[in-house]
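Here is the structure we will look at, set down as structure tokens.
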Protein chains: 2
Amino acid sequence: MREMDFSRCPILGNLGNERVGKLLAGAKFSVETFEKGDMVAMQGSPCKHLYILLSGSVKTEMTAENGGLMTIENIPAVRPLASAFLFAEQNTFPVDVTALETCKILMIPRDEVIKMFQKDGLFLENYIKFNSNKAQFLSRRLQVLNIKTIKGKLAHYILESMDNVRSADPKAASFTMDKNQTELAKFFGVTRPALARCIAELEDEGTIELERKVVKVKNLQALRNLLG
Amino acid sequence: MREMDFSRCPILGNLGNERVGKLLAGAKFSVETFEKGDMVAMQGSPCKHLYILLSGSVKTEMTAENGGLMTIENIPAVRPLASAFLFAEQNTFPVDVTALETCKILMIPRDEVIKMFQKDGLFLENYIKFNSNKAQFLSRRLQVLNIKTIKGKLAHYILESMDNVRSADPKAASFTMDKNQTELAKFFGVTRPALARCIAELEDEGTIELERKVVKVKNLQALRNLLG
DNA sequence: TCAGTAGTGTAACAAATAATACACATTTAT
DNA sequence: ATAAATGTGTATTATTTGTTACACTACTGA
């Protein structure tokens, strides 16, 4: 217990480590270690525990039935994994979860989680809120995936990233991508050369400039036009 | 209250109408009526109440930023609407909700819902479980949308429908679609002529036969091959 | 019965993307 | 420093899908 720090955990952080300690004191749980590249969970396998990533980071990937990959998320510690699915009727992992580095994961059985809800109302509130946000995230992914053209997806991705940057620096016109081109192609569910071509086209049109992971927006309005 | 029957509601049904009556007795709520075609909620508008569809049915549609529609679900009474988003940080409707016929909708403010959680543990459990299922649903939609080809989507849709039919009649080889061709095209997020062409191709190949909404599967293995 | 509306089959052409291949740059590990 | 692995730019061809248009059928209400 001593080595666990929950302060940055979205469903346990605001309780404080002491209160979390009490909450876990009477509960059954285990901590497992995974090395880089290990599968933490497989798409379709049953999800009977609440997983809390204590240290390290993981990657979640959804495999389409035709074999094509689509990266969903990279998740750094401290965060719950698949919390939204723990109580579903068909409670299976919707994604493959792979360790990106050495990871420690706290695993709490379903029934214990229910007891913890009863013990601490704030934990319950956090859990519901976190799952609500999770549903929002999935819903947004649906919207993005529904954008048909690669240029459209790219424009949406850039504009969204710009908004995040601008809330810190309102007059910023560039940002650094969190993914390389290959990862971005997976994220969009398209081939890498097709993405490269679209980037080249946007550069030729003078809409953006791209150097490594740094994107400069030269013509914001042109980007917006690609959406509607 | 008298005219409300919750017995088929997934989050209130197993409480019994009497217990639900008690639960609502001290609570603030309202009941609104919508006529066919009325917008119940717009994509992006704030979601501050738990909506429970008491009678009638609604359609939920997600609008892509490029304007293309993608039908998500037709929802019959009695069911909660957008319950998964009520407690999200950015608690906005992810879809447009339109009445398909005259609807009565029970609206309970967020804070009242929290009080109801505290009053009745079973209601809370139901709510969490329902939202878990909701997340599963969204996750599945993501998987389907991630299938790239129309033939693949179609094969997936047919195989899934067949599985549902077969659990009733294991040797069945045909089923009736719940959507017409135009609706199916929207559901897949593709154009109607493109879908018609794919159907014609599958018929030419001798994989299926389609007459109105009745699908006969002639070659199950060929369908499966379209997925992987 | 008839007109109007919605749904379907089909075709020709344009646009977007996948598939594949290869050269070159950059990073990483030894 | 160097080899190996990873990431990027680009081109060609084949598929798939969108776009648009039109004829035809089935249903619906007056």
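Residue numbering restarts at 1 for every chain, and letters A, B, ... go by the order of the sequence lines.
- Taking atom CD of A:Glu183 as the reference point, atom C1' of D:dG7 lies 10 Å away to the nearest angstrom.
- Mapping B:Asn180 and B:Ala196 onto DNA chain C by nearest heavy atom places B:Asn180 at the nucleotide closer to the 5' end.
- Residues A:Asn91 and B:Ser132 form no side-chain contact, since every pair of their non-hydrogen atoms from C-beta on lies 4.5 Å or further apart.
- Remark: P of D:dT15 and CD of B:Glu201 are 12 Å apart, rounded to the nearest angstrom.
- In this structure, the side chain of B:Lys179 does not engage the main chain of B:Lys186 through any donor-acceptor pair within 3.5 Å.
- Distance, A:Lys179 NZ to D:dG7 C1': 17 Å, rounded to whole Å.
- Atom C1' of nucleotide D:dT10 and atom CD of A:Glu203 are separated by 13 Å, given to the nearest angstrom.
- Heavy atoms from other residues, nucleotides or ligands lying under 6.0 Å from CD of A:Glu205 number more than 12.
- Checking the phosphate oxygens (OP1, OP2) of C:dT8, a side-chain nitrogen or oxygen of B:Thr182 falls inside 4.0 Å.
- Using a 4.0 Å heavy-atom cutoff across all strands shown, B:Ile150 reaches sugar-phosphate atoms only and no base atom.
- B:Tyr51 has its side chain within reach of B:Met107: a pair of non-hydrogen atoms, C-beta onward, lies under 4.5 Å apart.
- Sorted by first and then second residue, the salt bridge (Lys or Arg N to Asp or Glu O under 4.0 Å) pairs involving residues 77-88 of chain A (not counting sequence neighbours) are A:Glu73-A:Arg79.
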Report, one pair per line, the protein and nucleotides 28-30 of chain D atoms (nitrogen or oxygen only) whose separation is under 3.5 Å.
none

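- Judged by distance alone, the side chain of B:Tyr127 and the main-chain N or O of B:Ser83 form a donor-acceptor pair under 3.5 Å.
- In this structure, of C:dG7, C:dT17, D:dT17, it is D:dT17 that holds the atom nearest to the side chain of B:Cys198.
- For A:Leu184 and D:dG7, the CG to P distance is 13 Å, given to the nearest whole Å.
- Just one residue in the list A:Leu154, A:Val217, A:Leu223 forms a side chain to side chain contact (heavy atoms under 4.5 Å, CB included) with A:Leu159, and that residue is A:Leu223.
- A:Asp178 has its side chain out of reach of A:Phe187: every pair of non-hydrogen atoms, C-beta onward, lies at least 4.5 Å apart.
- In this structure, the side chain of B:Ser161 engages the main chain of B:Tyr157 through a donor-acceptor pair within 3.5 Å.
- Checking C:dT8, C:dT10, D:dT17 against every side-chain atom of B:Ala194, the shortest atom distance belongs to D:dT17.
- Atom C1' of nucleotide D:dG7 and atom NZ of A:Lys213 are separated by 10 Å, given to the nearest angstrom.
- Taking 4.5 Å as the limit, some side-chain heavy atom of A:Leu50 sits within range of a side-chain heavy atom of A:Ile11.
- At a threshold of 4.5 Å between non-hydrogen side-chain atoms, the residues A:Asn131 and A:Phe87 do not count as touching.
- The existence of a salt bridge linking B:Lys59 and B:Glu183 is excluded, since no basic side-chain nitrogen approaches an acidic carboxylate oxygen closer than 4.0 Å.
- Distance B:Leu195 CG to D:dG18 P: 10 Å, rounded to the nearest Å.
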Under-3.5 Å N/O pairs linking protein and nucleotides 3-5 of chain D:
none

Discussion item. Side chain to side chain contact (heavy atoms under 4.5 Å, CB included), that's the test. Do B:Val165 and B:Thr176 meet it? Break it down for me.
Written reply: CA-CA 9 Å; B:Val165 170; B:Thr176 303; over 6 Å; no
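- For B:Gln221 and B:Asn225, the side-chain atoms include at least one donor-acceptor pair closer than 3.5 Å.
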Taking only nitrogen or oxygen atoms into account, show me every contact under 3.5 Å that the protein makes with nucleotides 20-24 of chain C, one pair per line with its distance.
none

Using a cut-off of under 3.5 Å, enumerate the N/O to N/O pairs linking the protein to nucleotides 25-29 of chain C.
residue : atom : partner  : partner atom : Å
C:dT26  : O3'  : A:Arg212 : NH1          : 3.2
C:dT27  : OP1  : A:Arg212 : NH1          : 2.4

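- Looking only at side-chain heavy atoms (C-beta outward), A:His156 and A:Gln143 stay at 4.5 Å or farther from each other.
- Contact check for A:Glu160 versus A:Arg140: side-chain heavy atoms found under the 4.5 Å cut-off.
- With the end axes of the helix from C:dT1-D:dA30 to C:dT30-D:dA1 each set by five pairs, the angle from one to the other reads 50° at 10° resolution.
- Checking B:Leu210 against B:Arg197, the closest nucleotide of DNA chain C that is more toward the 5' end is the one next to B:Leu210.
- Between B:Ile208 and B:Glu203 there is a side-chain heavy-atom pair separated by less than 4.5 Å.
- Which of C:dT10, C:dT8, C:dA16 sits closest to the side chain of B:Gln181 comes down to C:dT8.
- The CE-P distance, from A:Met177 to D:dG7, rounds to 13 Å in whole Å.
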